[in-house]
Amino acid sequence: MGIFHGRRWAAVLCCVFALTIAATPRRFLQNRFTVDYEPFAGTWNDDFDWSVIKEVLHKAPGNAVISPLSVKALLALLYEGSASRSETERELQQALSGGNSQAVPKLQDDLLQYKQQQQQNLLITDRIFYDTTVTLLQKYHSIIAARYNATTQSVDFQDTQSAAAEINAWIAQNTRGKIQSIIKPDLLQDALMMLINTIYFKGSWSIPFPTNATVERPFFTGRMHTAGRYGGPRSVPFMKQRERIFYYKHAEQLGAQFLRLPYDSNQLSMIVVLPDEQVSLGQLLSRLTADAVHETLADMSEEEVEIELPRFTITYSSSLRECLQQLGVSRVFTDQAELPLISRGRTTPLKVSTILQKSCILVDEQGTEASAATEGTLVFTILDQPVKFIANRPFLFLIYDEGKGNWLFAGKVEDPQT
């Protein structure tokens, strides 16, 4: 978290999210069954998402998790405040749309639907906190309320202690208490505005991990110089699945296994990407492209998979300013930022100081009971040996909305116990 210096023109963007993933025990009609899967069939607009994912995860030491959707939500609020046909608008539009004229309206619709569904397991909120000395334009307030269901709140940034407490209370409330004290008083020095997005997700597996099957086994936390050898084994709890049908694909060109773990609602799933033993996590990230991921998701097929996946918890915070500047979103951070539709009449231009994310993710096998298997469940008998998916080395995970084609979260696990 940085400390801002100089004159009080700064805007801070902060997206925070909490993610809890738990298994819901349920009874099954058969030991083997599949959950219907239809990969996203619309027009993808995730080149920027993958650029952010790769940039952040490449540079983050150890475990990390980010929300590409959160970043885009905040950039969209800035886009609405940028001057028409300005360089600021061009950079933001390119990041949000990649040249697709329908991308920004789709993002608006998707965010509105997420927010208006009022579901307890996926909550997305946006709020602009602005100093009492700032006059927010009514038109801008109306636009973000109508298009994004975003709210605004005036606070006294001169009283940094009270302002930080007020903002943190709102963040905690909208992340079910998972994100605490992200805003420090010194962060508000010289700040005039904070744009904050929060995402809270608590998912229950459609196919639960039996708690009595969890066992301790070695996880190899790092790579040694010898090809195909991992170092640093440590004993961690591994969840297990046996005799279940999952969608799976081994992507030869990427050197990785893709496994789909569906949730019980919302067309959401976790995609676990496990590099082959001779492929490092860094090599996998370098190879990943949006097109390669789309192709792999479309080619996944039903397989009987024996899964061993470690329980893990990640708390991660990061400034995304440098990342976004590397990806072409730079003008909003300079004195040349053109954001006149947010607030006018200032002697110095409004610009962004930084964009922050803090995240917390918990993946385990716990949950509440749900109903028995639904009618129409397909039942298979697999004659071949089951595929083994043993995540005993660093891997990636992605939370994916299969209906809308949005990447809600992306992260890496290098050590499940750090």
Side-chain angles (χ1 to χ4, degrees), residues 1 13-22 46 48-74 114 121-125 171-172 174-182 196-203 205 219 221 236 239 256 258-261 263 268-275 281-282 284-285 288 293 309-324 327 354-364 391 393-401 406-418:
M1 309 297 181
L13 289 86
C14 175
C15 41
V16 300
F17 51 96
L19 181 60
T20 303
I21 302 168
D46 61 346
F48 180 75
D49 302 60
W50 278 102
S51 295
V52 171
I53 290 168
K54 294 174 68 170
E55 182 75 13
V56 171
L57 298 188
H58 254 307
K59 294 183 177 179
N63 301 337
V65 58
I66 61 170
S67 172
L69 185 64
S70 278
V71 177
K72 291 171 81 169
L74 292 181
Y114 287 136
N121 64 335
L122 178 61
L123 301 176
I124 301 178
T125 55
I171 293 172
N174 286 281
T175 59
R176 296 292 190 265
K178 295 296 182 181
I179 302 294
Q180 300 280 348
S181 302
I182 183 175
I196 298 181
N197 169 277
T198 68
I199 297 184
Y200 170 85
F201 174 60
K202 181 177 182 180
W205 305 119
F219 184 95
T221 59
V236 303
M239 307 179 294
F258 282 65
L259 174 69
R260 173 183 178 261
L261 299 176
Y263 297 110
L268 302 182
S269 65
M270 173 182 280
I271 307 296
V272 185
V273 186
L274 178 66
L281 205 57
L284 174 60
L285 282 167
L288 282 176
V293 173
L309 182 70
R311 292 197 309 234
F312 61 90
T313 300
I314 300 174
T315 299
Y316 179 74
S317 60
S318 171
S319 169
L320 297 176
R321 174 172 176 158
E322 181 180 346
C323 167
L324 292 174
L327 300 179
T354 190
I355 294 180
L356 307 173
Q357 275 200 357
K358 182 171 183 179
S359 55
C360 175
I361 174 173
L362 166 66
V363 176
D364 65 19
R393 54 192 180 272
F395 60 89
L396 304 177
F397 63 89
L398 309 159
I399 307 295
Y400 161 50
D401 185 330
N406 291 324
W407 299 105
L408 276 66
F409 305 95
K412 64 174 180 173
V413 177
E414 294 195 1
D415 186 342
Q417 291 194 333
T418 60

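For this chain, numbers begin at 1 and follow the sequence in order.
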Within a strict 4.5 Å, meaning less than it, do heavy atoms of the [X] and [Y] side chains meet?
X      : Y      : answer
Leu362 : Cys360 : no
Ile124 : Phe201 : no
Trp407 : Asp46  : yes
Pro275 : Leu281 : yes
Phe395 : Pro310 : yes
Ser317 : Leu356 : no
Ser359 : Ile66  : no
Tyr263 : Ile399 : yes

Kindly give the heavy-atom pair with the smallest separation between [X] and [Y], and that separation in Å.
X      : Y      : answer
Ala64  : Leu57  : CB-CD2, 3.9 Å
Trp205 : Met270 : CH2-SD, 3.9 Å
Val65  : Phe409 : CG2-CB, 4.5 Å
Leu288 : Lys54  : O-NZ, 2.6 Å
Gln357 : Ser70  : NE2-CB, 3.7 Å
Leu309 : Ala391 : CD1-CB, 3.9 Å

Interatomic distance, [X] atom [atom1] to [Y] atom [atom2] [nearest 0.5 angstrom]:
X      : Y      : atom1 : atom2 : answer
Thr315 : Lys358 : OG1   : NZ    : 7.0 Å
Asn197 : Leu69  : CG    : CG    : 7.0 Å
Ser269 : Ile271 : OG    : CD1   : 4.0 Å
Arg176 : Asn121 : CZ    : CG    : 10.0 Å
Glu322 : Ile355 : CD    : CD1   : 13.5 Å
Tyr114 : Leu123 : OH    : CG    : 13.0 Å

Just checking, any donor-acceptor pair under 3.5 angstrom between side chains of Thr198 and Thr175?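 On atom types as modelled, these side chains do not qualify, holding no pair under 3.5 Å.
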Scan side-chain atoms only and decide if Asn406 and Tyr400 contain a donor-acceptor pair under the 3.5 Å cut-off.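 Looking only at side-chain atoms, Tyr400 and Asn406 do not form any donor-acceptor pair under 3.5 Å.
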Assess whether side-chain contact (heavy atoms from CB on, under 4.5 Å) is satisfied between Val71 and Asp49, documenting all intermediate values. CA-CA 9 Å; Val71 177; Asp49 302 60; over 6 Å; no
Indicate yes or no for a side-chain donor-acceptor contact from Lys412 to the backbone of Ala60 under 3.5 Å, with no hydrogens or angles considered.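 Pair found, side chain donor or acceptor close to backbone of Ala60.
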Kindly say whether Glu414 contributes a backbone atom to a donor-acceptor pair with the side chain of Asn63 at under 3.5 angstrom?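 Flag set: sc Asn63 to bb Glu414 pair under 3.5 Å.
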Taking atom NZ of Lys178 as the centre, does the number of heavy atoms from other residues, nucleotides or ligands within less than 6.0 Å exceed 12?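 No, because the 6.0 Å sphere around NZ of Lys178 holds 12 heavy atoms or fewer from other groups.
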Ring centres of Phe397 and Phe312 under 6.0 Å apart?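 Centroid separation for Phe397 and Phe312: below 6.0 Å.
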Stepwise side-chain contact (heavy atoms from CB on, under 4.5 Å) test for Leu274 and Arg393: CA-CA 8 Å; Leu274 178 66; Arg393 54 192 180 272; 3.7 Å; yes
Does the side-chain contact (heavy atoms from CB on, under 4.5 Å) test come out yes or no for Asn174 and Tyr200, once each step is laid out? CA-CA 7 Å; Asn174 286 281; Tyr200 170 85; over 6 Å; no
Show your reasoning for whether side-chain contact (heavy atoms from CB on, under 4.5 Å) applies to Leu285 and Leu396. CA-CA 9 Å; Leu285 282 167; Leu396 304 177; 3.9 Å; yes
